[in-house]
Amino acid sequence: SDLQGYCNATDGDGDNATYYYKWYKNGVGNISSVTSSSYTQGLETNIHNLTSGNLSGGDNWTLSCLANDGIDNSSWLNSSAVTIHQGCEVLDNANNVYTLTKDVSSSGTCFTFGAANIILDCAGFTINYSQSAAGYAVNDSGGYDNVTVKNCDIVKGASSTTSSYAINFENSDSSLIYQNYVQRTTNNGENGDWQYLLYGGGARGSTILKDSLIYTIQSDNTPKNVAIRCQESVVDSNYIYFHFSRYENYAIYDENNSNI
C-alpha cells in the first residue's frame with residue numbers, strides 16, 4: 001500500500017494555506033515540492049503519497065511540512081518517523097511507526113515489542129502466526145507501555161498450538177488495540193482451561209476499539225474461551241462472535257473496573 005503524507009496548519013486570519021513538503025528517507029532528503037492549490041486552514045490535508053514501489057523494508061521515512069498563507073511562512077514541522085516493515089521481527093525503535101507493505105507469517109511469534117511508544121500499523125495486511133509452534137501474532141509480554149496495534153488481519157495458522165493469543169499485551173498500560181480483524185480456531189489438540197484472542201492481563205488504561213474477533217471452537221479440552229481480557233480499560237464498538245462452542249465463552253473478561 002501507499003504511504004500517505006498529510007499536513008495541517010492553522011492561520012490566525014483564517015487564510016488558506018499552501019504547503020511546501022519534503023520527504024526524508026533514512027534522514028536524507030528524497031522528494032520535495034509544493035502543492036499546486038491552497039487548502040482550508042485547520043484541516044488535515046493529504047498533500048502527497050509515496051507509492052508502494054518506492055517503499056523498501058527497513059527504510060525510515062519522515063515528512064516535513066511548511067505552510068504559507070500568501071504572505072508569511074510557518075516553520076518546518078516533521079512527522080514521526082515511519083519504518084517500512086516487510087517481515088516478522090522485534091519492534092524496538094521507540095517513538096516510531098512500523099508499517100506493513102505485505103502479508104507476513106511466522107512459525108511461532110511474529111512481532112515482539114522491545115520498547116514503549118511504538119505503533120504497529122498493518123495497513124490491512126495479514127499476520128499468519130503460530131503455524132507450527134506456540135506463539136503470538138503480536139507480543140508485548142515485556143509490558144512496554146503506550147503501544148498501538150491497528151489495522152491488522154490476524155490469522156492463527158495451526159489450530160492445535162496452545163496458548164497462542166493473537167495479541168498479548170500483558171502488563172502494557174495505556175495501549176491501543178484498534179480496528180483489527182482476528183480469526184482463531186481451536187481443536188482437540190489444544191489444551192488448557194483458558195484461551196484468549198486479546199490478552200491484557202494486568203494491563204491498565206488501554207483502549208480496545210472497533211476490533212472484529214471471530215472464535216471457532218472445536219475442542220473438548222478448552223472449556224473457557226475469552227475474546228478480550230482487560231483491566232481498567234475502555235472497550236467499545238467491537239464485534240465478537242463464537243462459533244460451534246459447547247463450553248463457557250466470555251466476550252470480555254474484565255479483571256477490574258473497565259469502561260465497557
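Residues: numbered from 1 along the sequence shown.
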- prompt: Say you draw a straight line from SG of Cys110 to OH of Tyr136; how long is it, rounded to the nearest 0.5 Å?
  reply: 14.5 Å
message: I'd like to know if the side chain of Thr35 and the backbone of Thr18 have a donor-acceptor N/O pair within less than 3.5 Å.
response: no
- line: For Ile84 and Ser56 the tightest heavy-atom approach is CB-O, 3.3 Å
- prompt: Quick one: is the NZ or CZ of Arg229 closer than 6.0 Å to the six-membered ring centre of Tyr253, and within 45° of its axis?
  reply: yes
task: Could you check Asn60 against Val82 for side chain to side chain contact (heavy atoms under 4.5 Å, CB included), going step by step and ending with a plain yes or no?
output: CA-CA 5 Å; Asn60 289 290; Val82 174; over 6 Å; no
message: Checking the side chain of Asp145 only, and the main-chain atoms of Ser174 only, is there a donor and an acceptor separated by less than 3.5 Å?
response: no
Shortest non-hydrogen contact between Ala227 and Leu197, atoms and distance: O-CB, 3.3 Å
- prompt: Does any N or O in the side chain of Asp11 come within less than 3.5 Å of the main-chain N or O of Asp13, such that one atom is a donor and the other an acceptor?
  reply: yes
message: Counting C-beta onward and ignoring hydrogens, is there a side-chain heavy-atom pair between Phe242 and Asn225 closer than 4.5 Å?
response: yes
N/O donor-acceptor pair under 3.5 Å between Asn238 side chain and Asp236 backbone: yes
- request: Could you tell me the separation between the CG atom of Leu209 and the CD atom of Gln179, rounded to the nearest 0.5 Å?
  value: 8.0 Å
task: May I ask you to decide if Gly108's main-chain N or O and Ser106's side chain share a donor-acceptor pair within less than 3.5 Å?
output: yes
message: Between Arg204 and Asp173, does any side-chain N to carboxylate O distance fall below 4.0 Å?
response: no
task: Would you check if Tyr181 and Ile214 make a side-chain contact, meaning some heavy-atom pair closer than 4.5 Å?
output: yes
- prompt: Do side-chain atoms of Asp211 reach the backbone of Asn180 as a donor and acceptor pair under 3.5 angstrom?
  reply: yes
task: Taking atom types as modelled, find out whether Asn168 and Asp140 have a side-chain donor-acceptor pair closer than 3.5 angstrom.
output: no
task: State yes or no: do Phe125 and Tyr129 share one hydrophobic cluster built from I, L, V, M, F, W and Y residues joined by side-chain heavy-atom distances below 4.5 Å, directly or via other members?
output: yes
message: Membership question, hydrophobic clusters at under 4.5 Å side-chain separation (ILVMFWY): are Ile260 and Phe169 in the same one?
response: yes
query: Can you tell me if Ser141 and Asn139 form a side-chain donor-acceptor pair at under 3.5 Å?
result: yes
query: Heavy atoms, side chains only, cut-off 4.5 Å: are Asn259 and Val235 in contact?
result: no
field: Reported OH-to-CD1 distance for the pair Tyr250 and Ile228, which is rounded to 0.5 angstrom
entry: 15.5 Å
- prompt: Can you check side chain to side chain contact (heavy atoms under 4.5 Å, CB included) on Cys7 and Tyr19, steps first, answer last?
  reply: CA-CA 7 Å; Cys7 296; Tyr19 292 105; 3.5 Å; yes
- request: Please report the C-alpha distance between Ile252 and Cys230 in whole Å, then the side-chain angles of each, then the deciding distance to 0.1 Å, and finally whether the side chain to side chain contact (heavy atoms under 4.5 Å, CB included) criterion is met.
  value: CA-CA 8 Å; Ile252 301 170; Cys230 59; 4.0 Å; yes
task: Kindly give the heavy-atom pair with the smallest separation between Lys156 and Ser164, and that separation in Å.
output: CE-CB, 3.5 Å
- request: Answer whether the closest heavy-atom distance between the side chains of Ile177 and Ile167 falls below 4.5 Å.
  value: yes
- prompt: Ile31 and Leu55: same hydrophobic cluster, using ILVMFWY side-chain contacts below 4.5 Å?
  reply: yes
query: Quick one: does Gln195's side chain get under 4.5 Å of Tyr215's, heavy atoms only?
result: yes
task: Verify the distance criterion only: is there a donor paired with an acceptor across the side chains of Asn117 and Asn146 at less than 3.5 Å?
output: yes
Ile127 CD1 to Asp153 CG distance, which is reported to the nearest 0.5 Å: 9.0 Å
message: Check for me whether the distance between the ring centres of Tyr165 and Tyr196 falls short of 6.0 Å.
response: yes
field: Criterion side-chain hydrogen bond (donor to acceptor under 3.5 Å, both in side chains) on Glu232 and Asn256, from CA distance to verdict
entry: CA-CA 6 Å; Glu232 298 176 15; Asn256 183 40; 3.0 Å; yes
query: Does Gly202 offer a backbone N or O that forms a donor-acceptor pair with the side chain of Glu255 under 3.5 Å?
result: yes
- prompt: Is Trp76 linked to Val34 within one hydrophobic cluster, defined over Ile, Leu, Val, Met, Phe, Trp and Tyr using a side-chain heavy-atom separation of less than 4.5 Å?
  reply: yes
field: OG on Ser233 to CG on Leu198, rounded to 0.5 Å
entry: 11.0 Å
query: Under a 4.5 Å cut-off applied to non-hydrogen side-chain atoms, are Ser206 and Leu176 in contact?
result: no
query: Quick one: does Leu63's side chain get under 4.5 Å of Tyr21's, heavy atoms only?
result: yes
query: Quick check: does any side chain N or O of Tyr98 sit under 3.5 Å from a backbone N or O of Asn93, one acting as donor and the other as acceptor?
result: yes
statement: Between Cys88 and Phe111 the two heavy atoms that sit nearest each other are CA-CE2, 3.9 Å
Leu43 backbone acceptor or donor facing Thr45 side chain under 3.5 Å: yes
Shortest non-hydrogen separation from Gly5 to Asn46 and the atoms involved: O-ND2, 2.9 Å
task: Would you confirm whether Ser175, through its side chain, and Val147, through its main-chain N or O, come within 3.5 Å as a donor-acceptor pair?
output: yes
message: Is the shortest side-chain heavy-atom distance between Asn30 and Trp61 below 4.5 Å?
response: yes
field: Heavy-atom pair of closest approach, residues Asp69 and Ile71
entry: OD1-N, 2.9 Å
message: Would you say Tyr199 ends up clustered with Val226 if hydrophobic residues are merged whenever their side chains have heavy atoms under 4.5 Å apart, either directly or through other cluster members?
response: yes
message: Can you tell me how far apart CD1 (Ile118) and OG1 (Thr83) are? Round to the nearest 0.5 Å.
response: 9.0 Å
